[in-house]
Amino acid sequence: MKAFLKYREIWLLAAIAVLIGLISTRFPGFADPANLRQVFNDTSILMILALGQMVVILTRSIDLSMASNLCFTGMVVAMLNAALPAIPIPLLIVVALLVGLVLGAINGFLVWRLNIPSIVVTLGTLTIYRGATFVISGGAWVNADQMSPDFIGFQRAAFLGIPVLSWIALLVIALFFLLMTRTALGRSIYAIGVNPTASVYAGIDVGRTKFVVFCISGMIGGLAGYLWISRYVIASVEVANGYELNIIAACVIGGISIAGGIGSVGGAVLGALFLGIISNALPVINISPFWQMAISGSAIILAVVLNARGERRQGRIILKKAETA
Amino acid sequence: MTDTPAPRHIPDRLDKPLSSAIFSWEALLVVVAIAIFAINSFASPYFLDPWSLSDLTFNFTEKALIAFAMALLIISGEIDLSVAAIIALASTMMGMAVQAGAGTPVLVAIGILVGLGCGAFNGLLVTRLGLPSIVVTIGTMSLFRGIAFIILGDQAYKGYPASFAFFGQGYVWWVVSFELVLFAVAAIIYWFVLHRTSFGRRVFAIGNNSIAAQFSGVRVDRIKFILFCLTGLMSGIASVLITSRLGSTRPSIAQGYELEAITMVVLGGVSILGGAGSILGVVLAAFIMGLVTFGLGLLNVPGIVMSIFIGLLLIIVIALPILWRRLRGGR
Amino acid sequence: MDTTAQHSTVRERPQASTPRLTLSGISKSFPGVRALHDVSLSLYPGQVTALIGENGAGKSTLVKIMTGIYQPDAGAISIDGQAVTLPSAHAAFGHGITAIHQETVLFDDLSVAENIFLGHAPRTRFKTIDWRTMRKNAKEVLDTMGAGHIDADARLKDLGIANKHLVAVARAMSIDARIVIMDEPTAALSMKEIEELFLLIEFLKSEGKAILFISHKFDEIYRIADRYTVFRDGEMVGEGMIKDAGQSQIVRMMVGRSVDHIFPQRQAAIGATVLTVSGLSHPTEFDDIGFELHRGEILGFYGLVGAGRSEVMQAISGITRTAKGTITLEGKPIAPKSAADSIEAGIVYVPEERGKQGVVIGLPIFQNVSLPSLTRTSKSGILRLAEEFALARAFTERLDLRASSLSQDVGTLSGGNQQKIVIAKWLATAPKVIILDEPTKGIDIGSKAAVHGFMAELVAQGLSVIMVSSELPEILGMSDRVVVMREGRIASVYDNKELDAETLVRTAAGIAA
Amino acid sequence: ENVKIALVVKSLGNGFFDAANKGAEEAAKELGDVDIIYTGPTKATAEAQIEVVNSLIAQKVNAIAISANDADALVPALKKAMERGITVISWDSGVAPEGRQLHLNPSDTGLIGETIIKLAADYLPEGGDVAILSASSTATNQNAWIDAAKKILPEKFPKINLVATVYGDDDSAKSTDEAKGLLKSYPNLKAIIAPTTVGVVAAAQVVTDENLIGKVNVTGLALPSEFKKFIDNGSSQAVALWNPIDLGYSAVYLAHDLAVKKEEAKPGATLSIGRVGKVTLDDTNSAAMAPPFQFDKTNIEKFSKIY
Ligand SMILES: Nc1ncnc2c1ncn2[C@@H]1O[C@H](COP(=O)(O)OP(=O)(O)OP(=O)(O)O)[C@@H](O)[C@H]1O
Ligand SMILES: Nc1ncnc2c1ncn2[C@@H]1O[C@H](COP(=O)(O)OP(=O)(O)OP(=O)(O)O)[C@@H](O)[C@H]1O
Ligand SMILES: [Mg+2]
Ligand SMILES: [Mg+2]
């Protein structure tokens, strides 16, 4: 039991349960399974993005360009769909993944080959990718009317009573879980975060792994681009502006250490859910809209403080007496 | 015992080859700045006009004031993403004071003190609780601006006293604005503090190895706390300037300034990983960013396309020395 | 690479006369530094070759070349007569080369099993990591090494330092290595752990591995090595069988002159009590520590690694704050809340972890030296560079530092030379009491003599010194009295006159005489 | 020498403003001696717009016609422009009187307020709960309309019950969250009124997704080209808007006439705006162009092709 409580995820889960409980006192329907399913669906995109960001943060890097990538890729697929509605959606998703991959690879290449700190690279590409969206679209929107019914309907179709969007999120979660716990790449990602020098000595190609990690976050950004656009049915330059901070906040709340090496798939998912529940619940429990920003800010600070408590290193104990106590 | 030979003499410095001075970061920035200036003068007939050049400085002075303090903070290995939110909160407080009938000196004091207070709050969270600053300030960024929203809601404060307008709109002499003078003074002070005082030296030491600095008797937490306060203070000053320039306050004021200030710092050659950087670099970076945005503005290039240039500039200017070294090193 | 292979022990044991690995004509330069010039080295199966040289001679650089971390500017590498290239650490693994590096290169937040198998974990049919087999193999490797007490599932950070070393060795063995390199593996260990390590090396020898052993301690070299190779200033200056060479001969090769390291003779002129510590306690690290330090005295602190000596010293110097108890300096009680406080009061602590706590890599040498003395070298907060240079020059020359200029980044210095900076910077603060934690860890014989000579000089001037050391000869050779610590408590205090090595080791380990 | 008129918009890349630019070009062609500079900032903030205004001052344009991101914050910059002899008018989203010579409202503020409620009320003969989903809480014009709507509600639409006003910040995701929140919190909600294009699309999509078509009517202000789908699928009965092309046309026309001193802006003056007709300035030198135009099933097809 004690070992069980050691896991941050358990605490986060408990916090989420308490949060749902609190919300239910003011809005009784909130804890209904149907509503919770919907909350999950609403949070899917954030969860997917948080997972992509997680692998980057684990290697002591950061990807600030994810939201811009999302915006760019979303615009590309929306324009494609508007121009050639015949392209089947699965193919369009592949296109989104590829476009995202290219943008991620650009980040990764600069980090890998030129050794520029990732925060600098992605601070640059953050504005470049969004600017590029303006350039390819000429500033024009792609609106619901120009999108094909399939384009919009794909993620909304229900399969076993659950929308495809949720299924995609579940699939991505499963893939990341496999990646992080069962593959050499996943372990290398952790190792790089824990001790980069030692990783070099252990034969891990740190630069290339970072490149791969940015490719992953890029692909995730691309996937989220399609999902976002088809969900909110407007593609414009303003899409997901500033959302990169939400993604990072989800990771942070999920206990992913910004210093790298610590964090889990479960944490990222729960962190995203936590934020998702807050943004979902605030409108329904009649809190003045002007309070929302301060509340989510406080939630982030609180989460960090609590996480830090959990993370505080138990120094090695020399005294025997204290050990048994 | 050992037969000790005469100790080897170690020179203070090696004579650096001229090339290393020529290819210093600041030199690179000077070249870039001159190039952009030249391009601007060619591209637009309106550029070389004293009033244009004066207007140009308003594009960067406020952000640069924050960038100076941010540079020190980043050199020490921390970061503050909440600066723009501090501006919003400080401005809101000044607005409240105006409503209550406060005069200009009181307003300035409130702006600065609120900034200082917010900085101290960040500093306490980071140093006392040992939290990573990037995360703390993502939180306080929402918190500070959130408080501004709670206070102001959908309202705006205006009716600032006429004398208050001087800070953001006034000119000290001919085309030389008060903001520009403040920028120059702050640049000199920060240059001196960072490069000529033991405080500055300790900032560098902390950024390179905070544990070793602590063991060496540097009061790491105190210095970091001071740096957060300084950043808050500069945000407070920037808030006075911007509120005066706009003559009004809304909670959405100064949105996105944090990333621009950080871009300025990084473009100025301050290592985002901490431990290295110079104020001269930041000053040059401020001018470069002002020149680029104003120059492109004169050509009526859409703002969003401008941001592509800034992004490219950031990456290219940082990549250039690396590529250069690699070419010369043959590897 | 499967781990069971090692059980088929001495598979092919080629003639000991044919080298397993040969390096020839290797050169390597860093900007402004020629680290290696045209050196050669051979390693033989079933033999231990000692690589000897002053700090900065290029030993670690060679190790990094052999493990694919650095690429040589020139030269050839061959294994079993086949020319090879080692473009990456991974490639070096592929050739069966593994190393325990000078710096700790393990992963604190990963499990023991993962630390052992990172990079070459066993896979399932689906190419995913096979955790079960990995744990099983990890246990096996640990068992064969006689380290079965280490739990393969434990987080590495929960292990003691000695056990961490064992994990590093286990990692080396898990790779089915044919060539094992150890770069100063004993620098942080005390007697007991060193003995265990030597048993392991014997085991590896018997398995037919070719071993390269780097150390500054001659007693170890004579004990374990079969051959030696000496480097001086990046060049190979001699090699041969260890049994044919005397210590003074080797030292002359490596330093270019004779150094006879005898501990300085001192006229102990011990004066009044300077520092009194009593009842110093910490909730988890140490309990009821009390001792006195006199003027002109060197007080040795001995104990096994992890006995808590460093923690006590850090509490005295204000770095750890959770201590209970009293500290009295020259009759006045003090309660330092930070290193700054204690430096001001006149107590300085020279930490043991050079890279982490000692030097500020990224700052030039002179700024490192002046850092704890900034209040003195600056005037009302304004820096005075001339004073800083003067201070740095005085103290680095005294310790025979090897550097091209005082404005050089300390990060480009060799480990031993960095250690000299560490000592210099705290001596420059002109303290009353100086606490040296493992002061000669990893520094070469010549510099060691310089440090010891300097310590003697300091106490002669009336300073008081606390010297924490895990090196028995150093403790016995330098201390006036010795405090022995065990598991966070003081086990005993001895006067050096009545002392012999055996008593110390027994007390430290808690074995009744 | 041509008259240089800058059409400054809140942010580039917005269909509404692109349409206004069409009208501006049309006016330029008609007037003959006019060059249009169509520009705007990266982000829809006052600070960024000030940078744009500064560069226009430096270019010595003859007139600035601006749709402002903030009614007050732009005043000092625009005052400076006027001091340097530049004609300044605001259109669409206004600037405080001291910062411009005149303001061209797309329509009468009170009328817009009334229209957005009427759009909902027309389809709620029995009355019922409605809620407003606005853009950002700092948007001047939106706030003015909402205030007008609230004022007119008790007298003209007693059966309509306004239960909440929420803000989607013109961000699709936030608007969607808010719209969903409204539907959950007010199960009896009959209509969502969103006087902003992003918000109205988000709300209509939510209603579509939650299968509430026919139960909840989405209405507000929307560009027909961007909203046609939701009129077609029934999630909205009708929306309204003024003609952005006419608005851009009128703004340039007025700016030109003031710049070349053909007309003077003073209270009570009646100014002509080419093909659009005439406007009369009130005490604050503001004028309203035309009443909002309503789009429903009968005409959306036609207008969606125009703007
Ligand atoms: N990354 C580097 N950049 C620049 N110079 C370096 C670097 N690494 C090592 N050197 C230089 O190369 C030389 C050899 O260093 P090396 O670490 O190999 O010495 P060493 O023999 O291992 O010394 P020690 O006994 O102190 O560990 C030194 O002069 C050192 O300053
Ligand atoms: N479990 C451990 N994990 C990490 N490092 C350890 C561990 N145990 C010991 N060490 C390191 O080994 C060294 C000695 O440990 P410690 O300081 O606790 O004991 P000590 O009695 O002071 O030993 P020493 O005299 O070697 O300094 C330190 O560098 C310490 O960080
Ligand atoms: Mg070495
Ligand atoms: Mg120790």
Side-chain angles (χ1 to χ4, degrees), chain A residues 26-27 29-30 32 35 38-39 41-43 45-46 74-75 127 130-131 133-134 137-147 149 152-153 155-156 163 228-243 246 276 278-290 292-293, chain D residues 9 11-18 21 38 40 42-44 131 133-134 136-137 163-187 197-198 201-202 204-206 208-210 222-233 235 300 304:
Chain A
R26 293 200 54 174
F27 182 77
F30 200 82
D32 290 352
N35 187 58
Q38 215 190 67
V39 171
N41 196 52
D42 288 346
T43 317
I45 295 178
L46 182 59
M75 181 59 84
T127 59
R130 201 170 280 280
T133 314
F134 182 87
S137 67
W141 298 10
V142 178
N143 51 54
D145 223 33
Q146 295 164 269
M147 299 174 191
I152 297 171
Q155 62 162 280
R156 294 174 163 82
W228 185 288
I229 299 304
S230 62
R231 179 166 180 74
Y232 300 119
V233 298
I234 287 186
S236 80
V237 179
E238 289 285 304
V239 158
N241 206 349
Y243 206 67
N246 291 35
I278 289 190
S279 60
N280 239 282
L282 285 180
V284 302
I285 53 177
N286 263 328
I287 287 188
S288 150
F290 303 112
Q292 294 184 9
M293 196 178 232
Chain D
V9 300
S11 70
L12 290 175
N14 181 324
F16 178 83
F17 292 121
D18 286 348
N21 185 33
Y38 174 57
T42 324
K43 281 168 286 182
L133 170 64
S134 181
S136 90
S137 56
V163 291
T165 304
V166 296
Y167 300 87
D169 289 346
D170 266 351
D171 173 287
S172 318
K174 179 111 196 293
S175 304
T176 301
D177 277 347
E178 294 293 345
K180 285 191 170 174
L182 286 175
L183 294 176
K184 274 182 201 159
S185 319
Y186 305 99
T197 311
V198 175
V201 169
Q205 185 65 43
V206 168
T208 310
D209 288 349
E210 313 240 310
L223 267 186
S225 57
E226 278 161 10
F227 200 67
K228 171 169 174 291
K229 173 164 186 271
F230 300 104
I231 299 270
D232 288 349
N233 80 5
S235 52
I300 187 108
S304 71

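Note that the coordinates shown come from a computational prediction; the quantities given were computed from them, not determined experimentally. Each chain gets a letter, A, B and so on, in the order the sequences are listed, and its residues count up from 1. Values below: every heavy atom of this structure, side chains too, minus hydrogens, waters and symmetry copies.
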Counting heavy-atom pairs under 4.5 Å with chain D, which one of Asn241(A), Ile234(A), Val237(A), Ile45(A) comes out on top? Ile234(A)
Options Asp42(A), Val142(A), Asn143(A), Thr127(A), ranked by heavy-atom pairs under 4.5 Å with chain D, top entry: Asn143(A)
Contact between Asp170(D) and Ser175(D) at the side-chain level, heavy atoms closer than 4.5 Å - yes or no? no
Is chain A contacted by the side chain of [X], its backbone, both, or neither, given a heavy-atom distance below 4.5 Å?
| X | value |
| --- | --- |
| Phe227(D) | neither |
| Glu226(D) | both |
| Val206(D) | neither |
| Ala173(D) | both |

Looking only at heavy atoms, the pair that brings Leu12(D) and Val9(D) closest together is CD2-CG2, 3.8 Å
Checking heavy atoms, do the side chain of [X], its backbone, both or neither come under 4.5 Å from chain D?
| X | result |
| --- | --- |
| Asp145(A) | both |
| Ile152(A) | side chain |
| Arg130(A) | neither |
| Gln146(A) | neither |

Pair Asn280(A), Lys184(D): side-chain N/O donor-acceptor within cut-off below 3.5 Å: yes
With chain A as the partner, which of Gly181(D), Ala204(D), Ala164(D), Ser185(D) has the greatest number of non-hydrogen pairs under 4.5 Å? Ser185(D)
Between the CG atom in Asp177(D) and the CD atom in Gln292(A), the distance rounded to the nearest 0.5 Å is 9.0 Å
